[in-house]
Chemist: 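Just dropping this structure here.
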Amino acid sequence: MADRLTPPAGGSAIDYERAFRVRSPDRPVIPYIEGDGIGPDIWAAARRVFDAAVAAAYGGRREVQWFEVFAGEKAIARYGAGMYLPDETLAAIRDWRVAIKGPLTTPVGGGFRSLNVTLRQELDLYCCIRPCRWYEGTPSPVRHPEKVDVVIFRENTEDVYAGIEWKEGTPEQGKVLAFLNGEMGTRIPADSGIGIKPISERNTKRLVAAAIQYALDKGRRSVTIVHKGNIMKYTEGAFREWGYEVAAEKFPGHTITEAHLSQGDRQLDPGERVVIKDRIADAMFQQILLRPDEYDVIALPNLNGDYLSDAVAAQVGGLGMAPGGNIGDTAAVFEATHGTAPKYAGLDKVNPGSLILSGAAMFEYIGWDDAKSAIQRGMESAIRDKIVTYDLARQMDGATEVSCSAFAEAIVQRL
């Protein structure tokens, strides 16, 4: 490790067998990236909650050894121009296995297409998980937000988010266009930007397998494969078929398809088996609003997963209440799911809930369930008491609007 990064002396690495199977020492070293814009504000608030929750849950027997690493604007200041994502940061996450981060600014006009996407691709964090549930008292635009309790598994490495595209008018676009129109018989207009949408069997099956294993481990009832396979038959249609295949190949006896449960007018009892079903993406957007309690774990390709996870988050209070994690077979990075909101930077104003709940998801991931539960209890109690940041206060009658740090303190007092 180079001199710019010095890990804590007293901690140990998390033992990582594979995605969703890790063992944590009592004093794990966990790298963190503060993030840009509002990142320092929400990180300071979240870390206060994390440390208090661990202390409350374990009475000093366990403690996180935090290790700051750098990306985005803070990396530029430390490493120099163009160093948005230093190799040392990637190496530290690989070495210590589990990390957490605030929001990062995407460079404009060059450099990385997205620092978040680059992190996922460099570390092969193929599985983006977005658990969404309602906390009592949180304002919501729907009548029954309490029916929402889903975990979204979004494929993280391919689909259109792979960023394989060519700008209109470039020589590269001309070559691709000539091949497609000339040799493949397409009729793409000459003034088109062109992108490629890869969806592979390997990446689909490992994502859906992770979703099924999660459902089995957590006692969840179903896994729904969401796709637009009625139109994109060889990409998203294949995503559907490969999802069913991996359920049959890897989990025989532990899964059953929705179709096999129907016997004429009778509906069989799946018992302990996880039900595998699928839905067309546009229909799913409607059903997640009208019948959210029929869905449990949801597996999707990258772009649809991005849309649907935000749509579900809106039902439980918005992105300020939406945690996220990016998980692979050798590392995991948990993160706030919103942007950097630079106009609020340094104002101690915004809701740190997304990062706090991402930390709760991280603690669950490493097996510290008591710390996760303490965070959830504290947050729900603060919201129920209507002590909230401005984004929630403006939607609630009789709320006490508090700062970012004061909201964190209200959570700590209720752990």
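The analysis underlying the following values was restricted to heavy atoms, covering all of them including side chains, and did not include hydrogens, waters or symmetry mates.
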Chemist: Quick check on the 6.0 Å ring-centre criterion: do Tyr32 and Phe67 meet it?
Modeler: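 They do not qualify: ring centres at least 6.0 Å apart.
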Chemist: How many angstroms lie between atom CG of Asp159 and atom NZ of Lys197, to the nearest 0.5 angstrom?
Modeler: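 Going from CG on Asp159 over to NZ on Lys197, the span is 3.5 Å.
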Chemist: So does Asn230 have more than 12 non-hydrogen atoms from other groups sitting under 6.0 Å from CG?
Modeler: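 Result for CG/Asn230: enclosed.
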Chemist: Examine distances only and state if a side-chain atom of Gln315 and a backbone atom of Pro145 form a donor-acceptor pair shorter than 3.5 Å.
Modeler: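 Side chain of Gln315 to backbone of Pro145: no pair is present.
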Chemist: Evaluate whether atom CZ of Arg23 has more than 12 neighbouring non-hydrogen atoms of other residues, nucleotides or ligands under 6.0 angstrom away.
Modeler: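 Counting other residues, nucleotides and ligands, CZ of Arg23 stays at 12 neighbours or fewer.
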Chemist: Are the side chain of Thr340 and the backbone N or O of Leu104 linked by a donor-acceptor pair below 3.5 Å?
Modeler: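 Such a contact is absent between Thr340 side chain and Leu104 backbone.
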Chemist: Output, in order, the C-alpha distance, side-chain angles, deciding distance and verdict of side chain to side chain contact (heavy atoms under 4.5 Å, CB included) for Ile256 and Ile276.
Modeler: CA-CA 6 Å; Ile256 186 169; Ile276 309 298; over 6 Å; no
Chemist: Other residues, nucleotides and ligands only: do more than 12 of their heavy atoms fall within 6.0 Å of CD on Glu272?
Modeler: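 For Glu272, atom CD is not crowded (no more than 12 foreign heavy atoms under 6.0 Å).
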Chemist: Counting N and O atoms only, with roles assigned by atom type, does the side chain of Tyr344 sit under 3.5 Å from a partner on the main chain of Ile38, one being a donor and the other an acceptor?
Modeler: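 No; zero donor-acceptor contacts below 3.5 Å.
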Chemist: Within 45 degrees of the ring normal and closer than 6.0 Å to the centroid, is that where the cationic atom of Arg133 sits relative to Tyr135?
Modeler: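 Geometry flag: set, cation within 6.0 Å and 45°.
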Chemist: Where the side chain of Thr204 meets the backbone of Ser200, is there a donor-acceptor pair that is under 3.5 Å apart?
Modeler: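 Yes; judged by distance alone, with no hydrogens or angles, the pair exists.
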Chemist: CG of Leu207 to CD1 of Ile212: how many Å apart, nearest 0.5 Å?
Modeler: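 Those atoms lie 9.5 Å apart.
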Chemist: Cation over ring, Arg120 on Tyr126, under 6.0 Å and within 45°?
Modeler: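 No, Arg120 and Tyr126 do not form such a contact.
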Chemist: Aromatic ring centroids of Tyr79 and Tyr84 under 6.0 Å?
Modeler: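 No; Tyr84 has its ring centre 6.0 Å or more from that of Tyr79.
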Chemist: So with a 6.0 Å cut-off around NZ of Lys218, is the heavy-atom count from everything else above 12?
Modeler: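 Result for NZ/Lys218: enclosed.
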Chemist: Using every non-hydrogen atom in the two residues, find where Lys372 and Phe363 come nearest and quote the distance to one decimal.
Modeler: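 Smallest interatomic distance, heavy atoms only, reads N-CB, 4.1 Å.
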Chemist: Should the heavy atoms of other residues, nucleotides or ligands under 6.0 Å from CG of Asp217 be counted, would the total exceed 12?
Modeler: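 Count over threshold, so yes.
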Chemist: Search all heavy atoms of Leu415 against all heavy atoms of Val49 and return the closest pair with its distance.
Modeler: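 Shortest heavy-atom separation between Leu415 and Val49 comes out as CD1-O, 4.5 Å.
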Chemist: Can you see which heavy atom on Asp269 is nearest to which on Arg273, and at what distance?
Modeler: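 In terms of heavy atoms, the two residues are closest at O-NH2, 3.8 Å.
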